[in-house]
Chemist: 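Mind looking over this structure? Questions follow.
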2 protein chains.
Amino acid sequence: MRPNARAALDSFRKPAFLKPMRDAKPNKERSPKKPASAERQPGVRRSDAARIPGASVHTSLASEIGLRIVRGDYPPGTILPNEAKWSETFSVSRSAVREAIKMLMAKSLLASRPKIGSWVEPKERWNLLDRDVLAWYATSPDREVFLKTVQEFRHIIEPEASAFAAMRRTEEQMAEISQACREMGEAASLQERTRADTRFHLAILRASGNDLLVPLGVLIESAFDHLFTFTTRAVDDLNHVQKLHEAIEKNIRLQRPDAARAAVRKLLANTDNVIKSR
Amino acid sequence: MRPNARAALDSFRKPAFLKPMRDAKPNKERSPKKPASAERQPGVRRSDAARIPGASVHTSLASEIGLRIVRGDYPPGTILPNEAKWSETFSVSRSAVREAIKMLMAKSLLASRPKIGSWVEPKERWNLLDRDVLAWYATSPDREVFLKTVQEFRHIIEPEASAFAAMRRTEEQMAEISQACREMGEAASLQERTRADTRFHLAILRASGNDLLVPLGVLIESAFDHLFTFTTRAVDDLNHVQKLHEAIEKNIRLQRPDAARAAVRKLLANTDNVIKSR
DNA sequence: TACGCTCTATTGTCAGACAATATTGCTTTC
DNA sequence: GAAAGCAATATTGTCTGACAATAGAGCGTA
């Protein structure tokens with residue numbers, strides 16, 4: 001990687017891509033020990049928000065462009081800057097740009113044709129249930145709406161998933177569910193608790209016996225990530241929530257689909273209240 | 001593209017990638033008018049199954065590798081052949097291979113690290129709700145199971161989506177739904193009818209007012225694609241199905257969520273029977 | 001006006017080089 | 001002999017520069 005590529009990727013996070021760029025043309029003498037961050041000009045704001053320290057250039061680039069698209073910088077139908085332009089803007093090679101674009105094409109955010117360029121696909125084609133796209137989508141102007149949408153979706157999915165789990169879970173899957181439930185109760189920190197909570201719900205999806213429900217786990221993960229902000233929960237509330245989870249666990253264990261469904265509905269109603277009361 | 005690249009892509013469809021390859025090293029004189037298909041050795045079976053005539057090399061490659069992974073040729077955890085190997089196997093450049101792999105990484109089928117290589121991700125991480133992955137998945141050994149899974153999923157999603165649509169549809173969205181319903185009735189061919197049918201269900205998802213439901217349309221499309229085989233339907237059955245659709249349309253129009261939900265359930269039950277009776 | 005030609009901008013594909021990385025096995029040391 | 005550090009090595013990551021294929025745009029001609 002050219003020494004200042006990552007830096008450029010950072011500094012251009014917010015101010016759009018139109019900014020003039022010093023050092024646009026190749027540095028012939030590949031400088032040995034990157035003084036990149038040292039020689040960054042002071043005026044450029046260095047955003048740490050979407051910084052991905054260990055990530056490769058094309059991955060970072062894909063995140064950057066993907067975020068811009070989802071955010072609405074380039075509305076559907078817009079022709080994006082061409083590959084050479086991106087390459088110049090971020091001081092990365094065209095190959096890196098292409099690999100980034102290929103990733104976005106795989107998520108149906110983009111499509112392209114020779115001589116035309118790359119354009120943003122209509123929103124309906126976006127694969128919103130993709131982990132990355134969802135993450136970009138979640139950074140939208142107001143999280144409130146996003147959270148509401150995800151929560152509504154959970155109401156559709158999770159009760160039925162639990163009912164199926166009650167009917168079809170194997171002993172192994174049951175053990176996973178039970179363990180996650182137990183670990184929720186025993187968790188020392190709230191973060192640890194949230195992780196166990198996530199595992200609990202994902203395990204139920206897996207136990208539902210429908211392969212297509214499993215990928216929806218990303219939604220739950222995303223929901224918990226953003227619900228984590230609503231961290232101000234009283235202890236007795238936590239106890240109550242734990243009881244609700246245990247009720248679900250019990251009804252799946254006893255193979256009572258209807259009761260399991262009802263128990264999940266109760267839990268979701270509780271979560272609704274937590275969100276609403278904010 | 002090297003003249004015989006596409007041909008190699010084809011001929012290697014089934015026989016795995018271990019086969020010896022003539023013409024592995026670059027042809028210096030870029031031959032002007034590809035005699036590719038002419039000089040293909042007779043023994044190699046040329047599969048037309050997953051042939052994508054207009055597609056680019058990296059897209060075809062991604063389909064080929066993706067299909068193999070989903071099909072189970074490389075179980076999760078397996079380290080794939082390295083980039084150079086793929087490149088040699090299919091007589092394409094390493095860049096093309098990389099772009100293909102990047103696309104599969106974007107779908108969470110793969111991950112990679114330097115010095116290790118690329119490996120197949122655990123199945124739970126696969127984005128099964130992705131259009132391509134779903135298509136590959138649908139070519140699995142027995143379609144029966146796939147169809148059953150999708151149909152079950154529709155039972156979870158569509159009744160609720162319709163209920164929401166009944167509550168929140170705009171006039172424009174209603175018009176879309178009604179038009180699709182009408183065109184179903186007036187369709188001349190069965191294919192035309194199926195297309196209208198698909199549009200009908202997708203329009204309902206859009207009208208539900210929940211952005212996350214829209215991407216699930218790929219499932220419906222896929223279901224109809226594969227249901228299309230069950231094409232032996234009597235005329236009076238078609239009439240009955242049309243009535244069921246009209247009931248849905250009516251209840252959404254009259255903004256009756258519960259009735260809309262019930263109407264969808266009825267339609268799905270009918271579809272269940274069609275599938276079962278095969 | 002309609003058709004067809006050329007021009008040209010953009011993605012698609014190729015080739016070859018070097019960098020970064022982390023496993024593997026070797027070597028050293030205790 | 002075991003543990004720790006070190007070097008060798010295989011693989012992906014990145015860059016560069018070239019040419020091919022494609023299809024829109026503009027022009028000229030019938």
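The basis for the numbers below is simple: all heavy atoms, side chains too, and nothing from hydrogens, waters or symmetry mates. Residue numbers begin at 1 in each chain, while the letters A, B, ... track the order of the sequences.
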Chemist: State whether E221(A) and R131(A) are salt-bridged, where the test is any N-O pair (Lys NZ or Arg NE/NH1/NH2 against Asp/Glu carboxylate O) under 4.0 Å.
Modeler: yes
Chemist: In whole angstroms, how far is the C1' atom of dT11(C) from the CG atom of L110(A)?
Modeler: 13 Å
Chemist: Please report the interatomic distance CG(D225(B)) to OG1(T198(B)), rounded to the nearest 0.5 Å.
Modeler: 7.5 Å
Chemist: Please verify the inter-ring angle class for F146(A) with Y137(A); under 30° counts as parallel, over 60° as perpendicular, anything in between as tilted.
Modeler: perpendicular
Chemist: With no hydrogens and no angle check, is any side-chain donor or acceptor of S63(A) less than 3.5 Å from a backbone partner on T59(A)?
Modeler: yes
Chemist: Would you kindly compare I116(A) and H58(A) by the position of their nearest DNA chain D nucleotide and give the one closer to the 5′ end?
Modeler: H58(A)
Chemist: What's S95(B) touching, base or sugar-phosphate or nothing? Going by heavy atoms closer than 4.0 Å.
Modeler: base
Chemist: Decide yes or no, distance alone: a donor-acceptor N/O pair under 3.5 angstrom between the base of dG24(D) and the side-chain of R113(A).
Modeler: no
Chemist: Can you tell me whether the side chain of K115(B) and the base of dT12(D) have a donor-acceptor pair closer than 3.5 Å?
Modeler: no
Chemist: Among dT13(C), dC15(D), dG13(D), find the nucleotide with the atom closest to the side chain of E83(B).
Modeler: dG13(D)
Chemist: Of the nucleotides dG12(C), dC15(D), dG13(D), which one has an atom closest to the side chain of P114(A)?
Modeler: dG12(C)
Chemist: Without decimals, in angstroms, what is the distance between R98(B) CZ and dA15(C) P?
Modeler: 16 Å
Chemist: Just how far, in rounded Å, is P of dT12(D) from CD1 of I101(B)?
Modeler: 7 Å
Chemist: On the nucleotide dG13(D), are OP1 or OP2 found under 4.0 Å from the side-chain N or O atoms that S112(B) carries?
Modeler: yes
Chemist: Return the 5'-most residue of the pair E99(B), R94(B) with respect to DNA chain C, ranking by each residue's nearest nucleotide.
Modeler: E99(B)
Chemist: How close or far is atom C1' of dT11(C) from atom NZ of K85(A), stated in whole angstroms?
Modeler: 17 Å
